[in-house]
Chemist: 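Pasting in a structure now, in structure tokens, and then I'll have a few things to ask.
The figures here come from the full heavy-atom set of this structure, side chains too, leaving out hydrogens, waters and symmetry mates. Whatever order the structure lists ligands and atoms in, that order sets their numbers, starting from 1.
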Amino acid sequence: TLKTLQQVDSIDSDVDPMERSWPTRQNSDPQEPPRRNDWRWHQRSSVLSEWDIPYEELEIQDLIGAGRFGRVFKGKWHGDVAIKVFNIETDNDLQLASFKTEVSMFRKTRHENLVLFMGACMKLPHLAIVTSLCKGKTLYDTVRDRRETLNMSRIVNIATQIAQGMGYLHAREILHKDLKSKNIFLENGKVVITDFGLFSVTKLIQYGERKDDTLAIPPGWLPYLAPEVITSLRATSQYTDSDLPFSQASDVYAFGTVWYELLVGDLPFKTQPAESIIWQVGKGLRQSPSNVQSRDAKDILMQCWKTQPDKRPQFSHLTQTLDRLPRKRLTRSPSTPLHLSRSAES
Ligand code: ADP
Ligand code: MG
């Protein structure tokens, strides 16, 4: 049987419950469902439907790509949009509740460097998130494009925008949990961060489907994972978001990896197998950009990659540090073999 999300819970979890229920007034019968011209209908629609997009209103066009949690389509809804369609089993209350939580988080975000959340389809079997369509290139592609010359002041500018968007998320007590260069777009020099807070939905799907006891590690995921998260990865078929110790500090660690990519043009531990990365990071080893000339740039990296989460800086602090960097002395190095180094305190 299909359930609508409203049956599981209201999408407006942060709305005063009094506001959500039908208020009674002397001249309207609370037992009767509100009608369209009834003031209660308007109150209800403004609270519940503001972010609720009827699936029929969406015009789904080309498939842009498939990620960990489902597929992303280009589409139309009052203009160009990106539509993320989730493959969620229709009878799983936990997944539905999790989706609802993600959406309620999305609603609270208004920042230049965060993708614009436009709404969601909450009615099973159509679960989808509608955001603005990012037209630029991802940071992942940008740092790998040989024609793209990233000078240091551009690198610092990009990093600052990322830190500002992330600082905003953290100030609103939202964790990204999946900060990576593929989730960062560059549109005419402006950074747009996507996919914040979607991790629980994606992982629930991924691990919910697993039958054996092996751990599925998406390619390119490990270099962004903080040691405390890596060491808590266990071969388990019943993974939930709460099993992994994500925190503001683990987001900062992931930012460190993005900073490394900006400086070096590739991911740390590039060609190494998962077991080897897990082992090294767990032992406190980090890849060092030994060919980055700037001590200041390396310092930022090592701060973000500290083994102890509470030793890593906050994003608000990082924006200040980036602002003080002497930009002209910094040069980006070509990709040459890199060495391992111990993280600062271990
Ligand atoms: P990943 O982030 O691992 O690439 P996703 O499922 O998030 O996987 O994205 C799938 C594809 O859709 C990717 O090519 C990604 O760049 C693209 N994409 C995701 N969100 C947007 C968006 N808001 N605008 C444009 N393209 C997007
Ligand atoms: Mg993504």
Side-chain angles (χ1 to χ4, degrees), residues 51 53 58-88 95 98-99 102-103 105-107 109-121 126-145 148 158 161-162 165-166 169 174-209 216-225 229 241 246 251 254-255 257-258 261 266-267 270 274:
W51 306 101
I53 302 176
L58 289 174
E59 184 188 327
I60 294 186
Q61 300 174 327
D62 306 341
L63 178 73
I64 302 175
R68 290 177 202 167
F69 49 78
R71 287 165 299 164
V72 180
F73 296 90
K74 184 176 184 296
K76 288 260 188 229
W77 190 72
H78 304 291
D80 290 338
V81 290
I83 305 167
K84 310 210 144 197
V85 180
F86 296 84
N87 312 318
I88 291 185
Q95 291 185 347
S98 161
F99 183 78
E102 307 303 348
V103 169
M105 280 188 181
F106 253 127
R107 294 187 321 138
T109 58
R110 291 160 199 270
H111 189 277
E112 261 217 285
N113 299 119
L114 301 180
V115 76
L116 176 68
F117 169 72
M118 299 181 76
C121 292
H126 302 297
L127 288 187
I129 282 184
V130 181
T131 64
S132 57
L133 182 72
C134 301
K135 299 220 159 113
K137 253 198 314 190
T138 64
L139 188 64
Y140 182 89
D141 290 334
T142 306
V143 299
R144 282 160 184 81
D145 188 345
E148 199 88 43
I158 293 170
Q161 294 184 62
I162 299 169
M166 289 301 300
L169 279 183
I174 298 169
L175 300 179
H176 192 302
K177 301 184 186 178
D178 199 16
L179 182 64
K180 56 177 186 175
S181 57
K182 285 187 177 177
N183 281 338
I184 300 167
F185 282 83
L186 283 172
E187 296 187 322
N188 302 318
K190 194 178 93 172
V191 162
V192 179
I193 303 171
T194 68
D195 288 348
F196 32 91
L198 289 178
F199 184 87
S200 15
V201 177
T202 69
K203 290 298 138 180
L204 282 166
I205 295 163
Q206 174 144 359
Y207 292 104
E209 283 170 354
I217 295 172
W221 186 40
L222 291 178
Y224 298 99
L225 286 192
V229 180
D241 174 36
F246 286 109
D251 277 348
F255 172 86
T257 301
V258 173
E261 282 181 277
D266 218 331
L267 279 172
K270 193 183 160 197

Chemist: What atoms of ligand 1 come closer than 4.0 angstrom to any heavy atom of Asp195?
Modeler: 2 (O), 7 (O)
Chemist: May I ask you to check if any N/O/S atom from Asn183 comes under 2.8 Å of the Mg ion (ligand 2)?
Modeler: yes
Chemist: From atom 23 (N) of ligand 1, work out which of Ser132, Pro219, Gly220 has a heavy atom at the shortest distance.
Modeler: Ser132
Chemist: In terms of atom number and element, which parts of ligand 1 are under 4.0 angstrom from non-hydrogen atoms of Thr131?
Modeler: 23 (N)
Chemist: How far does CD1 of Ile184 sit from NZ of Lys182, to the nearest 0.5 angstrom?
Modeler: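 Ile184 atom CD1 to Lys182 atom NZ measures 13.0 Å (nearest 0.5 Å).
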Chemist: Under 3.5 Å, N or O to N or O, is Ile64 touching ligand 1 that way?
Modeler: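 In this structure, Ile64 places no N or O atom under 3.5 Å from an N or O of ligand 1.
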Chemist: Report the member of Val81, Leu133, Val72, Val115 with the shortest heavy-atom distance to atom 18 (N) of ligand 1.
Modeler: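 Answer by nearest heavy atom: Val72.
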Chemist: Below 4.0 angstrom from a heavy atom of Ala82, which ligand 1 atoms are there? Numbered from 1 as shown, please.
Modeler: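 Reading through ligand 1 atom by atom, the close ones are 22 (C), 23 (N), 24 (N).
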Chemist: Could you tell me the separation between the CZ atom of Arg110 and the CZ atom of Arg107, rounded to the nearest 0.5 Å?
Modeler: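 It is 9.5 Å, given to the nearest 0.5 Å.
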Chemist: If you compare all heavy atoms of Gly136 against all heavy atoms of Phe185, which two are closest, and at what distance to 0.1 Å?
Modeler: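 Nearest pair, atom of Gly136 first, then Phe185: O-CD2, 3.8 Å.
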Chemist: Counting heavy atoms only, which of Thr194, Ile83, Val130, Asn183 comes nearest to atom 2 (O) of ligand 1?
Modeler: Asn183
Chemist: Return the NZ to CD distance between Lys180 and Glu261, rounded to the nearest 0.5 Å.
Modeler: 10.5 Å
Chemist: If you take the nearest heavy atom of each of Phe185, Phe73, Phe117, which one is closest to atom 26 (N) of ligand 1?
Modeler: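 Residue with the shortest heavy-atom distance to the ligand atom: Phe185.
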Chemist: Check Asp195 and report its N/O/S atom nearest to the Mg ion (ligand 2), by atom name.
Modeler: OD2
Chemist: Assess whether a salt bridge exists between Lys84 and Asp195, defined as any Lys/Arg side-chain N lying under 4.0 Å from an Asp/Glu carboxylate O.
Modeler: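 Yes, charged N to carboxylate O under 4.0 Å.
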Chemist: To the closest 0.5 Å, what do you measure between NZ (Lys135) and CD (Glu187)?
Modeler: 8.0 Å
Chemist: Near Lys84, which atoms of ligand 1 are under 4.0 Å from a heavy atom of that residue?
Modeler: 7 (O), 19 (C), 20 (N)
Chemist: Mind checking salt bridge (Lys or Arg N to Asp or Glu O under 4.0 Å) for Lys137 and listing every partner two or more places apart, or none if nothing turns up?
Modeler: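 Only Asp145, Glu148 meet the salt bridge (Lys or Arg N to Asp or Glu O under 4.0 Å) criterion with Lys137.
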Chemist: With atoms numbered from 1 as shown, which atoms in ligand 1 lie under 4.0 angstrom from a non-hydrogen atom of Lys180?
Modeler: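 Ligand 1 atoms under the 4.0 Å threshold to Lys180: 1 (P), 2 (O), 3 (O).
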Chemist: Which heavy atom of Val103 sits nearest a heavy atom of Ala120, and at what distance?
Modeler: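 Heavy-atom minimum between the residues: CG2-CB, 4.0 Å.
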